[in-house]
Amino acid sequence: MNRWRPLIALGAAQFLVVLDTAVMNVSISALVADFDTTVAAIQGAITLYTLVMAAFLITGGQIGDILGRRRAFAIGLVVYGVGSGITAIAPTLWVLVLGWSVIEGLGGALVLPALAALVGGNYHGRDRAVAYGVVGGLAGAGIAVGPILGGWATTYLSWRVVFAGEVMVVVAILLMLRWIGDAPATGPRRRLDLVGAALSVAGLALVVLGALQSSVWGWLEPRNPPFTVFGFAPTLFVIAAGLVLLGLLRGWVRRREEQGRDPLVRWALLAIRPLRAALSSLLAQNLILLGVFFTIPLYLQVVQGLDAFSTGLRLLPVSLTMLVTSMAAPVMNRIAAPRAVVRTGFLVLCVATLWLVGSVQPELDDLSFALATGLLGIGMGLLAGQLGNVAQSCVGEAERSETGGLQYTAQNLGSSLGTALIGSFLLGTLTRVSLTGVAAAPVSDATRAQVGTALEQGISFLSLDQARAALTSAGIPATEAEVLIGEYAQAQLVGLKIALLAAAGIALLSLFLTRELPRHRETEQVAPPAPVVKPPVGAPG
């Protein structure tokens, strides 16, 4: 049992960091009321948290190498706990943004790369597969349990209770820190690559910002952007600027390596084929997961009218099956190679998402929905139990923090792209089907023109009561409003189905990302050759 004590602390930290966003997403209405602000302002705070986390993860990995992984993990937890405490007592929105979006985001960017490296350093062989399975399962459980915990706390107590509770969890993890082993540093002390860090932070921030804001700004046709570029929405230009900076980072890193100086990340890591396949599969996994978790709450809360707590309960099967399946990774490895398990996971995700498409009906079928979400958790568990272990098993001890930074960067990019792409499919279909319905509806030409013009300017996923109120305030006669409400309700279901179909299609296409994953079962594998990663002159390794 003693050998699993480090996993208690590391797993708790993983669950804690993932929990935050899920809690915030179901507490938006309460936050709007408490701070007398707008939904857009709260969504901006959520976006900033994601930006900070994604932008600093690679830099956090190098800081872990410089300070030591356990020390970086501890410092990150302290920073995270301070942010949670500030958030719990925040008197204004700006204090909330400082505590949650900025301070907690920076703490998480230190915690996660160190966490991935510490799991890899504390466990080996089958134990490592179990450990990464548990950590991956807890990440998914945090996403699914967050709405239950956040919904219950917000409804019956206060959203602040969750963040106050996080401070206590951080203290408990810090008390368990002595359980976690860390490899002693050898060789000269590494130095932070400040230029590389700046290029990484700015490049990743721009890519993630463009993806997250695509539903607000539009991809090409401007919706409501702060500015336009040659008459187009700025989304693709912002993403392109980020990619240019990341291209400059690649050149800078190679230059540092040639000079024998410490780079932000050793670019040769990406030449390791199994690692590259694991990272791209992690990105795809989170893209699908967050896309589905963007869509399903809209169906349950907006279409079915369930509150946050009831929504979370119906997502509980995902947590349970994902955690159990991911913990079964060692058994899977004795039966099949990682590549076969991951491919099976993507196929199961595809089937589960198609099942969810069939479950999206005017009346919720609880049994069918529970079975579909349970199957979704199995697919996610198959991926979570393999990909982290594959990524860390591809590299030596000296590269674990860098690899951890790359792992969580891929996951955050996938999360951002999932919300953006699936959200675009959903809102785009909602607009097109609504326009078609209005064009064919038995309403006056004046009403058709008025509503059609409003739809072309942009549409939101509203409850039927909200849509009815909007039509009434626009002066639409009650009888015509009810006809249009019927068309809008049908468009909602079609939009949800198309969004889920897109997620299923991405799961199917993700099979092509798995070609370079390990092809042999764990029992068949010999010790892998050392990765071809040449450290700079004078650096440890």
Using modelled atom types only, decide if a donor and an acceptor are shared between the side chain of [X] and the backbone of [Y] within a distance under 3.5 Å.
X: S101; Y: A45; answer: yes
X: T325; Y: T321; answer: yes
X: N286; Y: G414; answer: no
X: T87; Y: W100; answer: yes
X: T514; Y: S510; answer: no
X: T373; Y: A370; answer: yes

Any chance you could measure [X], atom [atom1], to [Y], atom [atom2], to the nearest 0.5 Å?
X: W219; Y: I239; atom1: CH2; atom2: CD1; value: 4.5 Å
X: L376; Y: M322; atom1: CG; atom2: CE; value: 9.0 Å
X: F346; Y: L383; atom1: CZ; atom2: CG; value: 5.0 Å
X: R314; Y: I296; atom1: CZ; atom2: CD1; value: 12.5 Å
X: L275; Y: L406; atom1: CG; atom2: CG; value: 7.0 Å
X: L204; Y: N412; atom1: CG; atom2: CG; value: 9.5 Å

**Message:** side chain to side chain contact (heavy atoms under 4.5 Å, CB included) for L496 and L426? Distances and angles first, verdict last.
**Reply:** CA-CA 6 Å; L496 290 166; L426 174 58; 4.1 Å; yes

**Asked** Is the count of non-hydrogen atoms from other residues, nucleotides or ligands lying under 6.0 Å from F232 atom CZ greater than 12?
**Response** no

**Flag if over 12 foreign heavy atoms under 6.0 Å of CZ, F425** = no

**Asked** Parallel, tilted or perpendicular: which fits the ring planes of Y156 and W152, with parallel below 30° and perpendicular above 60°?
**Response** tilted

**Message:** Measuring only between side-chain heavy atoms, which start at C-beta, is I422 closer than 4.5 Å to I506?
**Reply:**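 Yes, close enough: below the 4.5 Å cut-off.
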
**Prompt:** Do the side chains of I288 and M380 get nearer than 4.5 Å, heavy atoms only?
**Reply:**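 M380 reaches I288 side chain to side chain.
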
Heavy-atom pair with the smallest gap, counting every atom of [X] and [Y]:
X: G404; Y: A116; value: CA-CB, 3.7 Å
X: L93; Y: F35; value: N-CD2, 3.6 Å
X: P263; Y: V253; value: CB-CG1, 3.8 Å
X: L110; Y: I75; value: CD1-CG2, 4.1 Å
X: L10; Y: I180; value: CD2-CD1, 3.9 Å
X: A372; Y: L356; value: CB-CD2, 3.7 Å

**Prompt:** Where do F73 and L77 land on the side chain to side chain contact (heavy atoms under 4.5 Å, CB included) test, with the steps shown first?
**Reply:** CA-CA 6 Å; F73 181 71; L77 281 173; 3.6 Å; yes

**Message:** If you apply the rule side chain to side chain contact (heavy atoms under 4.5 Å, CB included), what do you find for L269 with I272, and how did you get there?
**Reply:** CA-CA 6 Å; L269 285 172; I272 304 171; 4.1 Å; yes

**Prompt:** Please walk me through it: do F15 and V169 pass side chain to side chain contact (heavy atoms under 4.5 Å, CB included)?
**Reply:** CA-CA 10 Å; F15 182 83; V169 174; over 6 Å; no

